[in-house]
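Below: the structure, in structure tokens.
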Amino acid sequence: MMMDSGKNYVITHLHLAYGSIGDSIILLDQLIDKLKELNMQTVCLTNHGSLADMYDFYYACTENNIKPIIGCEVYLQPEEDKKSNTHLILLAKNMAGIKNLLKITSDASINNFYKVPRTTMEYLENHSEGLICTSACVGGIIPQLILKEDIDGAKKYINKFKSIFGDDFYLEIQPGEFQDQIDVNIELIYLSEEMNVPLVAANDVHYVNKEDWKTHDFHIRINRKMTAPENDDESIYADKIYYMMTYDELVNSFDSELYDRDVILKAIENTNVINNKCETVEFKVDKLNLPKFKIPEGYDSEKEYLEDL
């Protein structure tokens with residue numbers, strides 16, 4: 001099925017099986033084939049807390065004339081709860097953004113790991129150059145505050161993100177018929193208008209085709225050491241819409257009785273705005289880029305120190 005060339009959008013929230021282990025079943029060749037089928041020229045990668053498959057994703061896309069946008073769904077430590085984590089989407093606009101993503105994910109794993117690799121608002125503030133930020137799924141800090149009916153708290157974080165990312169901060173709405181998603185979407189639409197923050201519509205992609213939900217469901221249950229559901233139609237996820245949608249499917253996934261259609265169309269169009277903000281980066285592979293290690297006193301070279309270790 002080919003989409004109308006005048007009706008295109010960019011998937012800004014997508015997980016691959018390699019980097020989002022136990023939470024996605026999408027393999028690279030399946031992703032590329034589906035992007036071609038949908039006539040999509042750009043795609044973002046946002047695995048959980050990791051850039052592990054960044055290079056494979058990059059080469060698979062560029063070899064097929066698809067623009068790759070490197071991103072990550074990082075785990076953010078809330079300032080009010082040092083032992084918790086929430087979600088946040090970061091997308092690299094350029095090479096400076098990619099370098100900051102590498103710093104953020106590395107620091108999160110080395111210096112702030114608690115159950116998952118977490119970053120902090122302070123670290124984001126110091127490493128925000130070249131990055132676009134969205135509020136992520138219902139697991140994000142702003143949606144979580146909305147669900148707790150702490151709208152003042154949600155506004156506080158919106159202002160924090162605006163101060164860090166400026167016009168590159170977006171409130172993310174998603175398809176979904178479960179009540180939490182609907183409540184979050186409606187409040188984010190209000191907050192978008194009140195606080196002058198653009199919306200972006202994202203179908204949080206974990207599998208390729210609509211009918212793959214059951215395979216994905218079993219994949220998660222196996223990973224979590226759970227038994228099969230008693231009801232054959234039961235899903236561990238609240239909905240069965242985490243697949244690669246066409247433009248029309250994405251539009252129609254937002255109930256017209258709940259949402260203003262013009263607002264939804266603008267939020268979907270903002271995926272193309274994000275695409276236009278992002279450069280086509282180039283990874284150079286003409287030499288081996290090894291990290292530079294600090295050599296302790298008593299050693300003449302990295303090689304000598306490595307051999308001793």
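Just so it is clear, the structure is predicted and the values come from calculations on it, not from any experiment.
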Is a side-chain N or O of [X] found less than 3.5 angstrom from the main chain of [Y], in a donor-acceptor match?
{"X": "Ser135", "Y": "Glu172", "result": "yes"}
{"X": "Arg118", "Y": "Val74", "result": "no"}
{"X": "Thr271", "Y": "Ala267", "result": "no"}

Distance flag, aromatic centroids of Tyr242 and His216, threshold under 6.0 Å
no
Are the ring centres of Tyr243 and His206 closer than 6.0 Å?
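No; His206 has its ring centre 6.0 Å or more from that of Tyr243.
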Going by the side chain to side chain donor-acceptor pair (under 3.5 Å) test, which pairs reach into residues 255-266, not counting sequence neighbours?
Asn185-Tyr259
Enumerate the residue pairs fulfilling side chain to side chain donor-acceptor pair (under 3.5 Å) with a member in residues 59-71, sequence neighbours excluded, ordered by first and then second residue.
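Qualifying pairs, neighbours excluded: Lys36-Asn64, Lys67-Asn275.
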Would you mind checking if [Y] and [X] are paired as a salt bridge, meaning a charged N to carboxylate O distance below 4.0 Å?
{"X": "Asp152", "Y": "Lys156", "result": "no"}
{"X": "Asp150", "Y": "Lys155", "result": "no"}
{"X": "Asp232", "Y": "Lys214", "result": "yes"}

Closest contact, heavy atoms only, [X] versus [Y]:
{"X": "Leu16", "Y": "Phe57", "result": "CD1-CD1, 4.1 Å"}
{"X": "Thr134", "Y": "Phe169", "result": "C-CE1, 4.4 Å"}
{"X": "Pro78", "Y": "Thr86", "result": "CG-CG2, 3.9 Å"}
{"X": "Gln144", "Y": "Val138", "result": "NE2-O, 2.6 Å"}

For the residue pair [Y] / [X], report whether a side-chain donor-acceptor contact shorter than 3.5 Å exists.
{"X": "Asp107", "Y": "Asn112", "result": "no"}
{"X": "Glu73", "Y": "Thr46", "result": "no"}
{"X": "Gln179", "Y": "Gln181", "result": "no"}
{"X": "Asn196", "Y": "Lys162", "result": "no"}
{"X": "Asp23", "Y": "His15", "result": "no"}
{"X": "Gln30", "Y": "Asp33", "result": "no"}

Angle between ring planes, Phe161 versus Tyr157, binned at 30° and 60°: parallel, tilted or perpendicular?
tilted
Considering residues, nucleotides and ligands other than [X], do more than 12 of their heavy atoms fall under 6.0 Å from its [atom1]?
{"X": "Glu129", "atom1": "CD", "value": "no"}
{"X": "Asp81", "atom1": "CG", "value": "yes"}
{"X": "Glu193", "atom1": "CD", "value": "no"}
{"X": "Glu122", "atom1": "CD", "value": "no"}

hydrophobic_cluster_shared for [Y] and [X], side chain cutoff 4.5 Å:
{"X": "Tyr55", "Y": "Tyr18", "answer": "yes"}
{"X": "Leu199", "Y": "Leu250", "answer": "yes"}
{"X": "Ile274", "Y": "Leu171", "answer": "no"}
{"X": "Val10", "Y": "Met244", "answer": "no"}

Verdict with reasoning, Lys210 to Glu249, per salt bridge (Lys or Arg N to Asp or Glu O under 4.0 Å)
CA-CA 11 Å; Lys210 187 174 184 178; Glu249 283 176 321; 5.9 Å; no
Would Leu131 and Lys93 satisfy side chain to side chain contact (heavy atoms under 4.5 Å, CB included), going step by step from the backbone distance to the final call?
CA-CA 6 Å; Leu131 292 175; Lys93 294 195 292 184; over 6 Å; no
Pair Tyr305-Phe293, ring-ring contact (aromatic ring centres under 6.0 Å, His included): steps then yes or no
CA-CA 10 Å; Tyr305 179 44; Phe293 291 96; 8.1 Å; no
What residues form a salt bridge (Lys or Arg N to Asp or Glu O under 4.0 Å) with Glu307, not counting sequence neighbours?
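Once residues adjacent in sequence are excluded, the partners of Glu307 under the salt bridge (Lys or Arg N to Asp or Glu O under 4.0 Å) criterion are Lys303.
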